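These numbers come from a predicted model, not from an experiment.
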Amino acid sequence: MLETLIADFRVIFERDPAARNWLEVLFCYPGLQALLMHRFAHRLYQMRLPFLPRLISHLARFLTGIEIHPGAQIGSGVFIDHGMGVVIGETAIVGNYALIYQGVTLGGTGKESGKRHPTLGENVVVGAGAKVLGNLNIGDNVRIGAGSVVLRDVPADCTVVGVPGRVVYRGGERVDPLEHNRLPDSEAEVIRALLDRIEGLEQQMESLKRERAQTPHLAIPAVEHRPLVAAFVVPSDAEAEPQHAPAVEVKSKCRLSDRVIEEFLNGAGI
């Protein structure tokens, strides 16, 4: 346990440029204080002592603004930065060297019994105000953007952004956990792709109008109008019929921007 406490103390100097001396960190960092009290309460909780572990947790919440149930399992080297409003549920598991910012909730989704809170792998970064709800598995080296709401499992080495959270793969690129300005904006990418497609359709319409003006005796063939979303949706195996087989080929040949729209609208990111 002593090694764990030392790792909790040292990681603050590694990840917080505002940490100047040990006295300041020990007395002025609520995240460290909440972890110290939690580890003591968790040991009593494992001994099945009644009341006292919850009382310690309640006092820690009053003093630091961080609520950690004594049953939660917290790894070593975890850093809760600022920490006000952080809530970690009873069956939550937080891996080693996780970085958690203020306003984060690792909570459940109902009154189900058993494992009902998320499991975070090692080196996970959870941005300010993010919510991870339910019995989820968050892989190692995952980055969850500020304000995201994660409702599904996330594989390792991914970035999650948005409401609900959508996975964006980083292609194995290692990113510093403090570089929050490098999080991708999936909604902006989809909007740009839609605008590009609209511009392309407008150019096609102008081209057809010019051709008709030059050759008025030719009729413009009727064009089937379909909703933009439906144009990208490929039927599932249960819904697909033999005559729809070419649709799979179209999907594999579609443009990158079209795939971005399809994944966003179909929720294929997670």
With a 3.5 Å distance limit and no angle check, can you tell me whether [X] reaches the backbone of [Y] through a side-chain donor-acceptor pair?
X: T91; Y: R116; answer: yes
X: S57; Y: P53; answer: no
X: Q73; Y: A92; answer: no
X: K131; Y: L151; answer: no
X: R210; Y: M205; answer: no
X: N137; Y: T119; answer: no
X: K115; Y: N135; answer: no

(request) Report yes or no: do D16 and Y29 form a side-chain donor-acceptor pair below 3.5 Å? (result) yes

(request) May I ask you to check whether N123 and D140 show a side-chain donor-acceptor distance below 3.5 Å? (result)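 The criterion, which ignores hydrogens and geometry beyond distance, is not satisfied for D140 and N123.
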
How long is the span from the [atom1] atom in [X] to the [atom2] atom in [Y], to the nearest 0.5 Å?
X: I56; Y: R54; atom1: CD1; atom2: CZ; answer: 12.0 Å
X: S76; Y: I6; atom1: OG; atom2: CD1; answer: 11.0 Å
X: F27; Y: E24; atom1: CZ; atom2: CD; answer: 12.0 Å

Membership question, hydrophobic clusters at under 4.5 Å side-chain separation (ILVMFWY): are [Y] and [X] in the same one?
X: L63; Y: M84; result: no
X: L32; Y: M37; result: no
X: L120; Y: I93; result: no
X: L44; Y: I74; result: no
X: I68; Y: L55; result: no

Ignoring hydrogens, what is the shortest heavy-atom contact between [X] and [Y]? Give both atom names and the distance.
X: T64; Y: A34; answer: OG1-CB, 3.8 Å
X: G83; Y: I80; answer: CA-CG2, 3.7 Å
X: V25; Y: A19; answer: CG2-CB, 3.9 Å

Do [X] and [Y] come within less than 4.5 Å of each other through their side chains, counting heavy atoms only?
X: L136; Y: V154; value: no
X: V11; Y: E14; value: yes
X: R15; Y: F79; value: yes
X: D81; Y: I100; value: no
X: V167; Y: T159; value: no
X: V149; Y: P164; value: no
X: V125; Y: V142; value: no
X: L106; Y: V87; value: no

(message) Taking CZ in F40 as the centre, count heavy atoms belonging to other residues, nucleotides or ligands within less than 6.0 Å. Is the count above 12?
(response)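 Counting other residues, nucleotides and ligands, CZ of F40 stays at 12 neighbours or fewer.
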
(request) Answer yes or no: does atom CZ of R61 have more than 12 heavy-atom neighbours from other residues, nucleotides or ligands under 6.0 Å? (result) no

(request) Taking side-chain hydrogen bond (donor to acceptor under 3.5 Å, both in side chains) as the test, write out the residues that go with D8, two or more places apart. (result) R39

(request) List in chain and number order the residues that pass side-chain hydrogen bond (donor to acceptor under 3.5 Å, both in side chains) with S148, two or more places apart in sequence or in another chain; answer none if no residue qualifies. (result)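 Partners of S148 by the side-chain hydrogen bond (donor to acceptor under 3.5 Å, both in side chains) criterion come out as none, since no residue qualifies.
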
(message) For V132 and I144: C-alpha separation, side-chain torsions, deciding distance, then whether side chain to side chain contact (heavy atoms under 4.5 Å, CB included) applies.
(response) CA-CA 9 Å; V132 186; I144 300 176; 3.8 Å; yes

(message) Walk me through whether R143 and V160 qualify under side chain to side chain contact (heavy atoms under 4.5 Å, CB included).
(response) CA-CA 6 Å; R143 292 158 51 85; V160 180; over 6 Å; no

(message) Enumerate the ring-ring contact (aromatic ring centres under 6.0 Å, His included) contacts for residues 41-66, please, sequence neighbours excluded, ordered by first and then second residue.
(response) H38-H42, Y45-H69

